[in-house]
Amino acid sequence: MSKLTCDIVHLQDRVYRCEDVEMVVVPGQLGETGIMENHVPLVSKLRSGAVRVHLNDGTVKTIATQGGYATCSGTRVYVLADRACLAEDIDENELREEEASLNQRIAAEEEGIKKKVLERKLRWVNIRRKVKEQAGNAAHI
């Protein structure tokens, strides 16, 4: 059994923590990186997408992330994301409502920083939707 611990946090809260991890797969800038026990120390900038935590019992936890960094030190993996949430906590109805509201607000905004912030929030909606869909498809394989 692997002795790997994984912490996934964003600026406001810890999203996920597990001390019984076989492997963590992070969406690095150049592609996915799998991290197992005794991996060489690493710091990686992340692209938005899914972090997959493979537990020793064979289950996989999927976490949607937007931006951030991952680091590992042999027995610990830390993911510090700009935004993060468990795929199982994503509600499609809430995403649809949030998307409609954001699209309406974006259409009403002039070019500027506020519009860019709203567009980033809309990208977060799309990231969560994609991760939820991928996690659902993986569960049926």
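By the criterion of side-chain heavy atoms lying less than 4.5 angstrom apart, applied directly or through intervening Ile, Leu, Val, Met, Phe, Trp or Tyr residues, Ile106 is grouped together with Leu95 in one hydrophobic cluster.
Smallest separation of non-hydrogen atoms from His39 and Cys72: ND1-SG, 3.7 Å. Pairing each heavy atom of Ile63 with each of Ala84, the nearest pair is CG2-CB, 4.2 Å. Residues Gly28 and Ser44 approach most closely at CA-OG, 4.0 Å, considering heavy atoms.
Remark: Gln104 CD is loosely packed, at most 12 non-hydrogen atoms of other residues, nucleotides or ligands lying under 6.0 Å away. Heavy atoms of other residues, nucleotides or ligands lying less than 6.0 angstrom from OH of Tyr16 number more than 12.
In this view, Ile127 and Ser48, Gln66, Trp124, Val131 satisfy the side chain to side chain contact (heavy atoms under 4.5 Å, CB included) rule, not counting sequence neighbours. Lys130 is linked by a side chain to side chain contact (heavy atoms under 4.5 Å, CB included) to Gln134, counting only residues two or more places apart in sequence or in another chain.
Counting only distance, with no hydrogens or angles, the side chain of Thr71 and the backbone of Leu42 share a donor-acceptor pair below 3.5 Å. At distances below 3.5 Å, at least one donor-acceptor pair connects side-chain atoms of Gln29 with backbone N or O atoms of Leu46. With hydrogens and angles disregarded, a donor-acceptor distance shorter than 3.5 Å links the side chain of Asp57 to the backbone of Thr59. A donor-acceptor contact shorter than 3.5 Å links the side chain of Lys132 to the backbone of Ile90.
Salt-bridge check for Glu19 with Lys3: failed, with every basic side-chain N at 4.0 Å or more from each acidic carboxylate O. Ion pairing between Arg96 and Glu92 holds under the 4.0 Å rule for side-chain N and carboxylate O. Salt-bridge formation is detected for the pair Arg128/Glu98: a Lys NZ or Arg NE/NH1/NH2 atom is positioned less than 4.0 Å from an Asp or Glu carboxylate oxygen.
The residue from Leu55, Val77, Thr5, Leu4 that alone fulfils the side chain to side chain contact (heavy atoms under 4.5 Å, CB included) condition with Cys18 is Leu55.
A distance of 11.0 Å separates SG of Cys6 from NE2 of His54, quoted to the nearest 0.5 Å. The distance from atom SG of Cys85 to atom NE2 of His10, rounded to the nearest 0.5 Å, is 8.0 Å.
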Would Thr65 and Val26 satisfy side-chain contact (heavy atoms from CB on, under 4.5 Å), going step by step from the backbone distance to the final call? CA-CA 10 Å; Thr65 61; Val26 297; over 6 Å; no
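In summary, the side chains of Tyr78 and Arg76 do present a donor paired with an acceptor at a separation below 3.5 Å, with no hydrogens or angles considered.
Within the 4.5 Å cutoff, the side chain of Met23 has no heavy atoms near those of the Glu37 side chain. Residues Glu99 and Asn126 meet the side-chain proximity criterion, which asks for heavy atoms closer than 4.5 Å. Inter-residue side-chain proximity for Ile8 and Val51 is flagged as met; some heavy-atom pair is nearer than 4.5 Å. Contact of the Leu102 side chain with the Val125 side chain is registered, since non-hydrogen atoms from C-beta on lie closer than 4.5 Å.
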Ignoring hydrogens and angles, write down the donor-acceptor pairs under 3.5 Å from the side chains of residues 111-123, residues two or more places apart or on other chains.
from	atom 1	to	atom 2	distance (Å)
Glu111	OE2	Lys115	NZ	3.4
Arg120	NH2	Asp82	OD2	3.0

